Amino acid sequence: MIASIKSLAVLALAATAAQAAVVTYNWDLTYVNANPDGLFERRVIGVNNQFPVPSINVTLNDTLVINVVNKLNEPASLHSHGLFQTGNAQMDGPSMVTQCPIPVGANFTYTIPIEQHGTYWIHGHNKGHYVDGLRAPLIIHNPKEAYTYDEEHVIALADWYHREHEVMVEQYLSIFNPSGAEPVPESGLINQMQNAKFNFVAGKTYRLRIINMSALAMFHFHIDGHEIEIIEIDGIDVERKKVTSFPITAAQRYSVLVTAKTDAKTNYVLHADMDPSMFDVVPPELALNVTGTIVYNEAFSLAPEETSNWDEFNDADLVPLIPEAMSAPDQQFVLNAVFSVLNDYSNKAAFNDITYVMPKVPTLYTALTTGNLNSNPEVYGKYTHPMVVKHNEWIEIVINNDDPGNHPFHLHGHIFQIVGRSEGKYDPSVPYPGYFNTTNPARRDTVLVPSEQNVAIRFQANNPGVWLFHCHIEWHLQAGLATTIIEAPELMNDRLKIDPKHIDHCKALGIPYSGNAAGKEGLDLEGANVGPDPLPGTFTAKGIVALVFTIISALLGLATIIWYAREDDAVIAAQIAKAKAAEEEH
Ligand code: C2O
């Protein structure tokens, strides 16, 4: 009897342990040589000398522990994209927002209690490390999944470049690229390779978890000969929705259910088409139609490829299984996203004329060390674009996209409701034109704001901490398209605990870890990092481009240093070349 009670107790313990395991990954960040598109071998960033970086798999209620050793030759940090990190903002990862990056040769342990389920990813959040390969799926299983399926496949999409991010970003932000043309990738990859294969067994139902880990590209996903049903967006289970295809921007995730045929006589092509509208030019050698194979039988031939028909699709139509009504906002922010040539003559981004520039002190540390001043946005410095919000208030952010490009915006630490999307600029003097589903709007953590449109999102400020809100096109983050949400600063000292190791890292890097954005007391922000500002209003965009080229050609006598030139650039370059030729004749 006693023995059986004991064994019951052991069983009970084992059961709790199974429910809440500590899942440890040891990740040495290392350079690796790889040739993922089969076209070009280069140095990439991998983990434990491996590339692709292996997926992380955990279960709801686990604690994820990642022991990182930075064996790269520059500081690094990791961000678990889409995780709330409740009471754990110090583990969120963006460099100079919630931590000093991990110095070369140093180690750090990210400890993350898992409070959600669904499809996420983890990526470098210092410099453009993820563009160079430091990115991997992060899958959180739910012991009680909302849908039944037999098996799952992870399908990670990504754009791929042959040059290293550091080289490209320097060119991208240089005065030689006044139109702000983003580097165009050389390839698109599925699971960081060409021709990825996914095995299907007749009659089985598969959950496909599709993640876009790109720097820039948006993909359209579909599978020849099969119907797909969306069941999850960005970690939120949604009512089944049949589609033939759907678009997925950088940083978004979808799960779909697909049932394997019972009478397949061929294998089928799986498509991830890169959307050309994201690229300034599509080089003739760039294959937009990225494909993989659904394999029923290695011996089968491939069914002839179907032509791509992209569905009209609005992610705001998706209906979360757990409803949450739209609440009236307590505070509203309207952000105008614009790109232009600034007074450093480079083309950069701004929200409301503020280009994000990293502060001298990580913003979270400013919040924790400035006493009551931490509710005053000034203390964080103008160029972190701080937006202070009160605990548990509902916040609305309306993003006006005045740029000719589409932008996927991501909020750290939260899921938000997509409450509306409309043409043109939002007009605060009239009611919002057409909310979507007010009783249960779609929720996600990364939303596309198409060119010349606006999107309204709402979230509850129920997570004290410092959270970045930014465009997830990595080039645009580097160009300053970011703001910082300072959430319930008065509660942060009670709820958040900085790992002393983080402070060691700041010390090692010579980064101050207390005080305002300038590392000083009070509101003396002298010496804070400042950004480039808009040029005086009399300059038109074309005028600026022309001016910049004139300055460049005058300074350097260079006719054309154009990378992926837009039409404007070519015209101006021709003018400059002509002027230069005339000058030489002289
Ligand atoms: Cu995917 Cu700032 O993050």
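All values derive from a computational prediction rather than experimental measurement. Worth knowing before you read on, the calculation uses all heavy atoms, side chains too, and leaves out hydrogens, waters and symmetry mates. Order of listing sets the numbers, starting from 1, for every ligand and every atom in it.
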Hey, is [X] close enough to [Y] for a salt bridge, meaning N to O under 4.0 Å?
{"X": "D353", "Y": "K382", "result": "no"}
{"X": "R443", "Y": "D234", "result": "no"}
{"X": "R207", "Y": "E232", "result": "yes"}

Mind checking whether Q252 and R444 have side chains closer than 4.5 Å, heavy atoms only? yes

What is the name of the N/O/S atom in H81 that sits closest to atom 1 (Cu) of ligand 1? ND1

Name, closest N/O/S atom of H123 to atom 1 (Cu) of ligand 1: NE2

Got an N, O or S from H125 under 2.8 Å of atom 1 (Cu) of ligand 1? no

Output yes if H410 passes the N/O/S-under-2.8 Å test against atom 1 (Cu) of ligand 1; output no otherwise. no

If the cut-off is 2.8 Å, does any N/O/S atom of H79 fall short of it from atom 2 (Cu) of ligand 1? no

H470: which N/O/S atom is nearest atom 2 (Cu) of ligand 1? NE2

Which pairs pass ring pair (Phe, Tyr, Trp, His ring centres under 6.0 Å) with one or both residues in residues 86-117, sequence neighbours excluded? F108-Y110, F108-H502, F108-H505

